[in-house]
Amino acid sequence: MLPRYSVPQEQAAMPRVPRDGRDTTLVDAEAPWCINSLTIGELPTILHKHKLPNDFLISHASLGSAESYISATYHWVIKHYDGASPIHKFALLVSYLFSRVAPKLGHGGAPNNISTMKGSTKDITEHVRQVAWVPAAETKSSSSRKGVTKTLPFIVMITTTIIALSDPLSPLRKYMAAHNNSLGPWSQKHGSKFINAFNLVRMGVAYAHAPAIYGSPKYGSMHAWSMKAPLEIAAYAKRFISLLKSNANGPYEATKLVFGTTIASSLNRRSVSSGGMSRGTGLSRSPPRQTFENKRKREHGEIEELELTDDELFEVKRRRRL
DNA sequence: AATTTTATGTGTACTTCCCC
DNA sequence: GGGGAAGTACACATAAAATT
């Protein structure tokens with residue numbers, strides 16, 4: 001059986017994703033909700049939410065026997081999450097997008113001209129921002145790298161990473177401050193899911209200072225990479241959120257800001273070809289093909305665990321009653 | 001020397017397939 | 001259908017490699 005996360009009692013009623021204007025989740029910023037079952041096109045409907053979604057559970061980070069500062073960081077983020085903070089909201093939304101970009105989370109090798117950028121944070125950062133997102137499975141016979149298919153772990157782990165790295169009071173930053181800026185075991189645990197320096201830079205929340213961003217990047221403005229200042233991230237986050245709710249193409253534009261045109265287009269493919277404004281129209285005439293797994297999950301009422309295929313992302317999914 | 005990444009093996013949970 | 005073998009996917013531990 002799937003690791004069914006437990007739903008707190010007071011939130012036992014399954015949150016409804018807004019289907020029309022009458023749904024109370026549209027107007028109630030406090031009402032419980034889930035993020036993983038949304039489509040990208042539905043992201044603008046939850047921008048007012050103050051709380052983390054119900055499916056944001058620490059268990060999805062599989063902390064196990066991780067060192068105490070790691071689990072402390074997860075608990076700290078859950079306790080301090082503030083939906084009114086642009087950075088927090090951005091972190092959550094981007095974590096969702098990141099989980100849908102998977103497994104295309106890798107990148108090619110360093111270009112030949114990387115050394116010409118040495119010394120220029122601007123050049124290297126702008127370069128990394130444009131590097132293509134490619135599947136991380138490059139080993140010939142063996143399958144793709146492990147740990148990149150389930151979406152909920154990404155959502156919990158990316159959100160936590162961005163928020164914690166952006167706040168000097170987080171247990172993670174305090175650990176770094178006491179350990180010469182090393183992220184410690186955090187690097188390996190999250191790096192196995194491609195939550196690493198390179199992708200933080202590529203998503204626009206961090207600077208790359210040295211070609212070592214392609215190697216074993218150490219943290220610090222004197223080394224390979226560092227987070228942008230909170231005010232810079234906040235400005236970026238505001239722009240992202242503003243794009244997201246700007247118009248019918250908001251989700252595309254916001255995805256493009258963070259992940260680039262290619263990813264935005266590939267995630268958007270289906271809805272563009274079917275005439276754009278499918279949002280709010282309810283049923284689509286030709287429902288996208290579902291994976292076997294998805295079908296099983298629907299049958300088992302595990303829709304909240306649903307992992308959408310690319311083609312489904314922008315579709316307005318018909319909700320089954322639960 | 002320190003830090004991060006990559007590779008490999010083990011255990012576990014689930015899925016798929018196949019045979020009865 | 002049921003039930004077991006084979007296959008898939010993951011976390012975790014450990015070791016090794018790469019880079020600064």
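To find a chain, count down the sequence lines: A is the first, B the second, and so on, and within it residues start at 1.
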Asks: Please determine if a side-chain N or O atom of Ser182(A) lies less than 4.0 Å away from the OP1 or OP2 oxygen of dT4(B).
Replies: yes
Asks: Starting at CD of Glu67(A) and ending at C1' of dT3(B), how long is that distance when rounded to a whole Å?
Replies: 14 Å
Asks: Starting at atom NE2 of His60(A), determine the distance to atom P of dA9(C), rounded to an integer number of angstrom.
Replies: 19 Å
Asks: Checking the side chain of Tyr175(A) only, and the main-chain atoms of Ile70(A) only, is there a donor and an acceptor separated by less than 3.5 Å?
Replies: no
Asks: Starting at NZ of Lys118(A) and ending at P of dT19(C), how long is that distance when rounded to a whole Å?
Replies: 14 Å
Asks: Whole Å only: how far is the CD atom of Gln188(A) from the C1' atom of dA7(B)?
Replies: 11 Å
Asks: As a test of reading the structure: which of dA11(C), dT20(C), dT5(B) is closest to the side chain of Asn196(A), going by heavy atoms?
Replies: dT5(B)
Asks: Among the candidates dA2(B), dA11(C), dT5(B), find the nucleotide nearest to the side-chain atoms of Ser216(A).
Replies: dT5(B)
Asks: Over how many whole Å does the gap from Tyr214(A) atom OH to dT4(B) atom C1' extend?
Replies: 17 Å
Asks: Within 45 degrees of the ring normal and closer than 6.0 Å to the centroid, is that where the cationic atom of Lys51(A) sits relative to Tyr81(A)?
Replies: no
Asks: Test side-chain hydrogen bond (donor to acceptor under 3.5 Å, both in side chains) on Thr151(A) and Ser99(A) and set out the steps.
Replies: CA-CA 5 Å; Thr151(A) 52; Ser99(A) 76; 5.0 Å; no
Asks: If you count the non-hydrogen atoms of other residues, nucleotides and ligands that lie under 6.0 Å from CZ in Arg239(A), is the total more than 12?
Replies: no
Asks: Under 4.0 Å: is that the gap between some side-chain N or O of Lys189(A) and OP1 or OP2 of dA13(C)?
Replies: no
Asks: Of the listed nucleotides (dT3(B), dT4(B), dA11(C)), which one gets closest to any side-chain atom of Ser62(A)?
Replies: dA11(C)
Asks: According to side-chain contact (heavy atoms from CB on, under 4.5 Å), who are the partners of His223(A), at least two apart in sequence or on a separate chain?
Replies: Lys218(A)
Asks: Select base, sugar-phosphate, or nothing to describe what His209(A) touches, counting heavy atoms under 4.0 Å on all strands.
Replies: nothing
Asks: To the nearest Å, give me how far apart CH2 (Trp186(A)) and P (dT3(B)) are.
Replies: 17 Å
Asks: Looking only at the side chain of Lys193(A) (C-beta and beyond, no hydrogens), which of the listed nucleotides dA2(B), dT5(B), dA11(C) gets closest?
Replies: dA11(C)
Asks: Using ring centroids (six-membered ring only for Trp), state whether Trp225(A) and Tyr219(A) fall under 6.0 Å.
Replies: yes
Asks: If I take atom CD1 in residue Ile114(A) and atom C1' in nucleotide dT19(C), what distance separates them, rounded to the nearest angstrom?
Replies: 14 Å
Asks: Reckon Ile213(A) touches a base, only the sugar-phosphate, or nothing at all at heavy-atom distances under 4.0 Å?
Replies: nothing
Asks: Please give, in whole Å, the distance from dT3(B) P to Phe198(A) CZ?
Replies: 23 Å
Asks: Just to be sure I follow the notation: if a pair is Watson-Crick (purine N1 to pyrimidine N3 plus N6-O4 or O6-N4) or a G-U wobble (N1-O2 and O6-N3), each under 3.5 Å, what dot-bracket string does DNA chain B give, with | for pairs to another strand?
Replies: ||||||||||||||||||||
Asks: Membership question, hydrophobic clusters at under 4.5 Å side-chain separation (ILVMFWY): are Leu169(A) and Leu172(A) in the same one?
Replies: yes
Asks: By the 4.0 Å heavy-atom rule, please label Pro153(A) as base, sugar-phosphate, or nothing.
Replies: nothing
